[in-house]
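Order of listing sets the numbers, starting from 1, for every ligand and every atom in it.
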Amino acid sequence: MSFTASPSIIRNSNSWPKNMVVCDMPHHACRDSSFFPNKGISKARRNLQNHLTVANVASPLHVTAPPPEKPPGTTGGRQHHVAWTSISQERWEGELLVQGHIPLWLKGTYLRNGPGMWNIGDYNFRHLFDGYATLVGLYFDDGRLIAGHRQIESEAYQAAKKNQKICYREFSEVPKAENFLAYVGELASLFSGASLTDNANTGVVKLGDGRVVCLTETQKGSIVVDPNTLETIGKFEYSDSLGGLIHSAHPIVTDNEFLTLIPDLVKSGYLVVRMEPGSNERKVIGRVDCRGGSSPGWVHSFPVTQHYVIVPEMPLRYCAQNLLRAEPTPLYKFQWHPESKAFMHVMCRTSGNIVASVEVPLFVTFHFINAYEEQDEDGRVTAVIADCCEHNSNTSILDKLRLQNLRSFNGNDVLPDARVGRFRIPLDGSPYGTLEAALDPNEHGRGMDMCSINPNYLGMKYRYAYACGAHRPCNFPNTLTKIDLQLKRAKNWYEDGVVPSEPFFVPRPGATEEDDGVVISIISEKNGEGYALVLDGSTFEEVARAKFPYGLPYGLHGCWVPKQ
Ligand SMILES: CC(=O)/C=C/C=C(C)/C=C/C1=C(C)CCCC1(C)C
Ligand SMILES: CC(/C=C/C=O)=C\C=C\C=O
Ligand SMILES: [Fe+2]
């Protein structure tokens, strides 16, 4: 990854760089993405690269830029937190002033995706997950940090800008009948998936072949981006004929493979599929038939072990009627079916055989943290352990993420309790698995979501997880927490009024300790500002922070692209 600031940033450290590629127009004024010719940004990148090569600086060169003029977001006349305020420029890029010391080994780009724009013109979206995708990049090199963000040019976003209205079905928003009929043609488009969004606002992954793809829950919302310029390159087209309209928002991605689950809404089940680096073709490993209900459970994410893919069957199930509704229900496109029970299925990665399928206590989760195989003294695998951010089987968390709720915090503690839910799935043929808190949830303020681990421990016995916890009273997870699953303790980072995004762990190259690395998060502050934060993965103390010239909206998931 290369730095991407203009040379004027370096020469002129006290003023807004003249040739920085900035749009401080309100987003609805930026209707045409050709407004920003790519030529400028590439030239700036080349110039800075040349500068770095010649100067080979070890200490950061600073720029302080004035915040773009932006009307604060308001709810009923009251200014609301910048975390829940739409980004006001389509893109920005510049070097940040670093306080503290970014480790010199940290060379690469942290990319973070999320729904950063929650309105089109005067129309305000309802739910956090509805927003159009904003991709943020933090480029680390030589202790310096260049940051940028850019809107992802999905068809849904482009159509909304052009027509000044929603044209595709988002998480909760549905276009008014005349809009989408006019836009995509006929009603059949609903069933073919043509009216579903491709707004890739949930996560971003680096495939083994180097391609970087932004994702959401719709398959058509797989969009290839350039990690250097944050530019939208185009659709990631799956070349197989597996069909299906949706998939897990969180595939398991390593240098060797891409694994995901494709829910089958017709014959209630899931296809477990695998794609090789360099390929666009997913191949079926196996199929799981659901044991409860006529519809599969929502699979936002799933875990793997060394030998198995774990397929969760959550009683919060996709609901065909709700998919077709024009107005959102309290559970959006889903329905809670406690009578259908909850199950965990374990599939062998190589044969596709189901080696265990057990009933488990009811649960609600977005995010699995990790899983591993438990062995007895003789090294025989006796069970699978799978950990997740579990919302005490309370579905109300989905509705708590409505923007109106997030924007109206008045000091009352309204965040439902959550925990690290640990499933134990026996492999001896027993019909039941267990689900218990892996540590006392008070250790992390009974808030728990947006987790990461050391990626070298994926599918293996592990000790540490990083996540967002709670410092109560709050209405959203507002701390960063390091969970020690061995000692059953948590260490928490908190500052008054902050909304931190997912703490993302980057291991130090060559490290032998699991927590030897850094944790990166992007913080939105109550005064409308924000900064990138780097914590030591081991001590969980701050090592550096770098203020943005503007506060960023909340974001969801990220990935690390090491410098080549
Ligand atoms: C941002 C996030 O975490 C989740 C986003 C989920 C989305 C966009 C879900 C979209 C869907 C539709 C538009 C119709 C089909 C069902 C479903 C996958 C929920
Ligand atoms: C931000 C979130 C839950 C927070 C609750 O405590 C869930 C995000 C899910 C999508 O990625
Ligand atoms: Fe997620």
Side-chain angles (χ1 to χ4, degrees), residues 83-84 112-116 118 125 127-134 154 156 166 168-175 190-191 193-205 214-221 244-251 262-263 265 295-296 298-302 316-320 322-325 328-329 331-335 364-369 388-392 394 396-401 405-406 414-419 444-452 467-470 474-479 481 499-502 554-558:
W84 321 120
R112 188 200 75 176
N113 193 3
W118 293 283
F125 300 171
H127 199 276
L128 174 64
F129 297 166
D130 285 326
Y132 292 115
T134 304
S154 60
I166 295 171
Y168 289 86
R169 289 180 166 248
E170 299 296 337
F171 175 79
S172 87
E173 295 291 341
V174 175
L190 197 58
F191 301 98
S195 64
L196 293 186
T197 188
D198 66 341
N199 171 23
N201 68 0
T202 306
V204 52
V205 296
C214 291
L215 293 164
T216 184
E217 307 231 342
T218 60
Q219 293 188 28
K220 69 198 281 203
L245 301 174
I246 57 183
H247 56 185
S248 164
H250 292 273
I262 303 181
L265 302 185
S295 211
W298 183 17
V299 273
H300 184 73
S301 70
F302 64 98
L316 182 62
R317 296 174 184 274
Y318 299 95
C319 171
N322 290 353
L323 287 176
L324 302 178
R325 270 182 225 280
T329 74
L331 291 178
Y332 303 91
K333 313 281 198 275
F334 310 101
Q335 240 174 14
V364 168
T365 188
F366 300 105
H367 298 122
F368 278 87
I369 302 171
C388 68
C389 304
E390 209 274 311
H391 293 272
N392 289 346
N394 180 350
S396 72
I397 185 63
L398 248 193
D399 214 41
K400 289 278 187 282
L401 301 179
N405 292 337
L406 297 171
V414 291
L415 181 73
D417 290 358
R419 57 182 178 163
H444 46 81
R446 291 170 284 109
M448 176 49 49
D449 219 305
M450 306 304 285
C451 47
S452 80
C468 292
C474 60
N475 68 341
F476 192 79
N478 57 355
T479 68
T481 184
V499 179
S501 70
E502 171 190 77
Y554 184 68
L556 294 171
H557 305 288

Exercise. Please tell me if the side chains of Met450 and Pro477 come closer than 4.5 Å, counting only heavy atoms from C-beta onward.
Key: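 When only atoms from C-beta onward are counted, Pro477 and Met450 do not touch, as no gap falls below 4.5 Å.
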Quiz item: Is there side-chain contact between Arg446 and Asn392, with at least one heavy-atom pair below 4.5 Å?
Solution: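 A side-chain contact is absent here, since even the closest heavy-atom pair is not under 4.5 Å.
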Residue and atom name of the nearest protein heavy atom (relative to [atom]), distance in Å to one decimal:
{"atom": "atom 17 (C) of ligand 1", "value": "Lys333 CG, 4.4 Å"}
{"atom": "atom 6 (O) of ligand 2", "value": "Pro477 CG, 3.2 Å"}
{"atom": "atom 10 (C) of ligand 1", "value": "Phe171 CA, 4.2 Å"}
{"atom": "atom 6 (C) of ligand 1", "value": "Glu217 CG, 3.4 Å"}
{"atom": "atom 4 (C) of ligand 2", "value": "Asp449 CB, 3.9 Å"}
{"atom": "atom 3 (O) of ligand 1", "value": "His300 CE1, 3.3 Å"}
{"atom": "atom 16 (C) of ligand 1", "value": "Leu323 CD2, 3.4 Å"}
{"atom": "atom 8 (C) of ligand 1", "value": "Thr216 OG1, 3.4 Å"}
{"atom": "atom 11 (C) of ligand 1", "value": "Thr218 CG2, 4.5 Å"}
{"atom": "atom 5 (C) of ligand 2", "value": "Ile397 CD1, 3.5 Å"}
{"atom": "atom 14 (C) of ligand 1", "value": "Leu196 CD2, 3.5 Å"}

Show the nearest heavy-atom pair for residues [X] and [Y], with the distance to one decimal.
{"X": "Ala156", "Y": "Tyr168", "result": "CA-CD1, 3.6 Å"}
{"X": "Pro416", "Y": "Ile397", "result": "CD-CD1, 4.3 Å"}
{"X": "Thr202", "Y": "Asn113", "result": "N-ND2, 3.9 Å"}
{"X": "Gly244", "Y": "Ile262", "result": "CA-CG2, 4.3 Å"}

Practice problem: Report the C-alpha separation of Thr216 and Asn199 in whole Å, then their side-chain angles, then the decisive distance to 0.1 Å, and conclude whether the side chain to side chain contact (heavy atoms under 4.5 Å, CB included) test is met. | Solution: CA-CA 7 Å; Thr216 184; Asn199 171 23; 5.7 Å; no
Practice problem: Mark the output for His300 as yes if a heavy-atom distance to ligand 2 is under 4.0 Å, and as no if none is. | Solution: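 The answer is yes, since His300 has a heavy atom less than 4.0 Å from ligand 2.
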Which one holds for [X] and ligand 1: side chain close, backbone close, both close, or neither close, with close meaning a heavy atom under 4.0 Å?
{"X": "Glu170", "result": "backbone"}
{"X": "Asn199", "result": "neither"}
{"X": "Tyr332", "result": "neither"}

Quiz item: With a 4.0 Å cut-off on heavy atoms, is Phe334 touching ligand 1?
Solution: yes
Practice problem: Using only heavy-atom distances, determine whether the side chains of Glu502 and His557 contain a donor-acceptor pair under 3.5 Å. | Solution: yes
Report the relative orientation of the aromatic rings in [X] and [Y]; use parallel for angles under 30°, tilted for 30 to 60°, perpendicular for over 60°.
{"X": "Phe366", "Y": "Trp298", "answer": "perpendicular"}
{"X": "His250", "Y": "His367", "answer": "perpendicular"}
{"X": "Trp84", "Y": "Phe476", "answer": "perpendicular"}

Quiz prompt | Part of Met448 within contact of ligand 2 (heavy atoms, under 4.0 Å) | solution = neither
Quiz prompt | Phe171 and ligand 2 - part of the residue with a heavy-atom distance under 4.0 Å | solution =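 Neither part.
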Relative to the heavy atoms of [X], which atoms of ligand 1 are at a distance of less than 4.0 Å?
{"X": "Thr202", "answer": "1 (C), 2 (C), 3 (O), 4 (C), 5 (C)"}
{"X": "Ile246", "answer": "18 (C)"}
{"X": "Arg169", "answer": "13 (C)"}

Quiz prompt | Per-atom contacts of ligand 2 with Phe129, taking only distances under 4.0 Å to non-hydrogen atoms | solution =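 Reading through ligand 2 atom by atom, the close ones are 8 (C), 9 (C), 10 (C).
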Quiz item: Which atoms of ligand 2 have any heavy atom of His391 under 4.0 Å away?
Solution: 5 (C), 6 (O)
Practice problem: Would you check, one step at a time, whether the test side chain to side chain contact (heavy atoms under 4.5 Å, CB included) holds for Asn201 with Phe171? | Solution: CA-CA 10 Å; Asn201 68 0; Phe171 175 79; over 6 Å; no
Quiz prompt | Phe125 ring center near Tyr132 ring center (under 6.0 Å) | solution = yes
Quiz item: Can you list the steps and then say if Thr365 with Asp449 is a side chain to side chain contact (heavy atoms under 4.5 Å, CB included)?
Solution: CA-CA 9 Å; Thr365 188; Asp449 219 305; over 6 Å; no
Quiz prompt | side chain to side chain contact (heavy atoms under 4.5 Å, CB included) evaluation trace for Leu401 with His127 | solution = CA-CA 6 Å; Leu401 301 179; His127 199 276; 3.7 Å; yes
For ligand 2, is there an N or O atom under 3.5 Å from any N or O atom of [X]?
{"X": "His557", "value": "yes"}
{"X": "His367", "value": "yes"}
{"X": "Tyr554", "value": "no"}

